[in-house]
Protein chains: 2
Amino acid sequence: MTDSSDNSAFEKQLTTSGRSRRDVLKFGSIATLGAVLGGGALLGRATPALAQAGSEGTLAPNDPLNILIVNYDGGTLLDFAGPSEIFHRLPNTNVRYASLDGGNVTLEFGVVYGKTERLADIDETDVLLVPGGSDLTAPMRPAYQAQIRRLAESARHVTSVCNGSLVLAATGVLKGKRSACHWAFVNKLAEYGAIPVPDRFVEDDNGRFMSGGGVTAGIDFALRVAAKLRGQQAAEFTQLAIEYDPAPPFHSGHPRDARPEVVAMVDKKLPGASRGLARVPGVR
Amino acid sequence: MTDSSDNSAFEKQLTTSGRSRRDVLKFGSIATLGAVLGGGALLGRATPALAQAGSEGTLAPNDPLNILIVNYDGGTLLDFAGPSEIFHRLPNTNVRYASLDGGNVTLEFGVVYGKTERLADIDETDVLLVPGGSDLTAPMRPAYQAQIRRLAESARHVTSVCNGSLVLAATGVLKGKRSACHWAFVNKLAEYGAIPVPDRFVEDDNGRFMSGGGVTAGIDFALRVAAKLRGQQAAEFTQLAIEYDPAPPFHSGHPRDARPEVVAMVDKKLPGASRGLARVPGVR
């Protein structure tokens with residue numbers, strides 16, 4: 001393979017390449033926060049900011065912010081582990097986890113995620129985040145869909161990662177809205193009246209709807225959400241804290257770059273994937 | 001911010017840039033696997049492959065592979081969520097989770113990770129992975145250290161992500177070995193006789209020791225481990241499945257690139273960070 005001295009040269013080239021991309025990568029305004037202290041301590045239950053700021057008002061970076069991540073059996077850990085790690089480090093932000101029945105959920109591969117609250121016990125949230133999964137049977141059931149719909153209606157920002165957008169779309173809240181999704185499922189959004197966009201991050205209605213692509217896209221998604229809601233400097237602080245300086249060893253992160261035989265492997269496992277129409281249990 | 005049409009142009013530029021990096025990024029041999037089917041089903045408890053392949057032998061990509069991820073209160077979810085997502089998708093690979101007492105562990109920010117096995121119940125493992133945390137008090141205690149040392153001695157590959165390398169180093173198994181660590185803590189490795197290397201991935205003793213940098217580096221680390229142990233094609237399949245096509249919105253993933261005021265924010269929160277000497281509870 002490569003030892004770390006090769007690796008060092010390798011990272012240097014990446015860095016050089018990265019630097020030249022800096023102007024391309026920058027977006028949004030330069031941070032103007034006077035006092036972003038960044039992450040760490042939870043500040044207790046913040047009050048939902050919607051009522052305070054008004055539906056058109058901009059949420060100030062120091063207003064309390066509630067983020068709710070919904071969980072269900074069959075979900076994918078990394079879809080929300082990236083956002084979780086970023087959101088917990090933002091100032092004056094409270095991150096909660098909930099599932100239909102509360103308690104432990106059993107994610108994809110039998111991974112157990114513990115101590116979620118009950119969805120019915122959450123009155124409202126500023127940000128609703130629906131992660132995806134390999135089996136969407138649970139969140140596609142009517143009782144779960146009703147909770148998502150209820151929370152989405154009052155949330156300031158309705159968001160998803162990976163094929164969590166199919167769960168949102170099935171509730172009807174994405175009708176006519178542009179949305180991202182994992183590349184293998186993205187075109188199924190149209191079956192629910194949403195507009196599929198094959199990008200890593202998609203925003204509609206001036207940020208009321210924000211979505212990320214598949215699995216690891218949740219990290220890029222969450223940094224953008226962080227910048228929008230807590231200011232660019234807080235987002236940059238978080239990126240540095242989690243050392244998000246990616247250096248993938250292969251160029252295989254998207255079908256447009258992967259070797260055809262590797263795309264074929266995914267198609268074999270998930271028929272229809274390369275047309276964005278792979279089936280997932282629970283989705284019609 | 002940017003809407004997704006801007007985003008589209010933005011991603012295109014990234015892709016172009018990414019393509020030109022392809023030759024730089026490639027490493028190792030072209031995959032020669034005849035039948036990598038990739039991910040999905042767990043195949044039950046695989047037998048540790050060490051005895052089968054011999055200490056110098058190369059593990060064939062179809063030999064069963066056991067990976068053990070150790071957990072503890074105060075650990076960081078994303079340090080192991082990336083590797084978990086990758087390792088579970090590899091062929092003929094069994095991923096287990098264990099902590100000193102078994103059961104639920106309470107990670108950083110109060111995140112609960114459930115149903116771990118007891119370390120004492122694990123006889124041996126092919127790959128030992130120690131993730132990092134914001135509080136290393138638990139894994140630095142003698143009883144936990146004894147379990148890590150025992151498992152490391154018989155493991156084919158002794159690995160870590162983030163400041164999990166400090167936990168390994170404290171057991172003595174990294175004496176004279178090159179190791180990665182989160183940038184804020186990397187130079188503390190020297191206090192335990194290990195050799196700090198400020199890279200995203202570090203390998204020593206021909207892969208017996210492999211380590212990743214901070215938090216998100218676990219994804220790059222795991223793809224390299226996957227390629228080494230299950231073949232490049234299986235690693236590329238996994239990268240495609242988790243859509244690992246990173247597009248960080250800011251250039252702030254490492255102190256060499258971040259704005260000085262952002263590095264200063266981390267230094268304020270973690271004094272000594274920019275010298276690689278930040279303190280972490282539990283570490284002398």
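Side chains included, hydrogens not; waters and symmetry mates left out as well; all remaining heavy atoms used. Keep in mind that what you see is a predicted model, and the values were worked out from it rather than measured. Per chain, numbering begins at 1; letters A, B, ... match sequence-line order.
Residue A:T116: no heavy atom, backbone or side chain, is found under 4.5 Å from chain B. If you measure heavy-atom distances from A:I219 to chain B, the contacts under 4.5 Å come from the side chain alone. For chain A, no part of B:V105 is nearby; none of its heavy atoms comes within less than 4.5 Å.
Looking only at distances, no side-chain donor or acceptor of A:S252 sits under 3.5 Å from a matching main-chain atom of B:Q239. Side chain of A:D245 to main chain of B:H254: no donor-acceptor pair is present (N/O by atom type, distance under 3.5 Å, no hydrogens or angles). Between the side chain of A:E85 and the backbone N or O of B:L78, at least one donor-acceptor pair lies under 3.5 Å. The backbone N or O of B:R259 lies less than 3.5 Å from no partner atom in the side chain of A:E236, so there is not a single donor-acceptor pair. In this structure, the side chain of B:R224 does not engage the main chain of A:P249 through any donor-acceptor pair within 3.5 Å. A distance-only check finds no donor-acceptor pair linking the side chain of B:R200 to the backbone of A:P248 [under 3.5 Å].
Ranked by heavy-atom pairs under 4.5 Å with chain A, the first of B:A81, B:G214, B:G213 is B:G214. Ranked by heavy-atom pairs shorter than 4.5 Å toward chain A, the options B:D79, B:V111, B:N104 are led by B:V111. Highest contact tally toward chain A, considering only B:A241, B:A217, B:G207, is held by B:A241 [criterion: heavy-atom pairs under 4.5 Å]. In terms of heavy-atom pairs under 4.5 angstrom with chain A, the leader among B:G114, B:P255, B:S134 is B:G114.
Between B:K269 and A:R89 the shortest side-chain heavy-atom distance does not fall below 4.5 Å.
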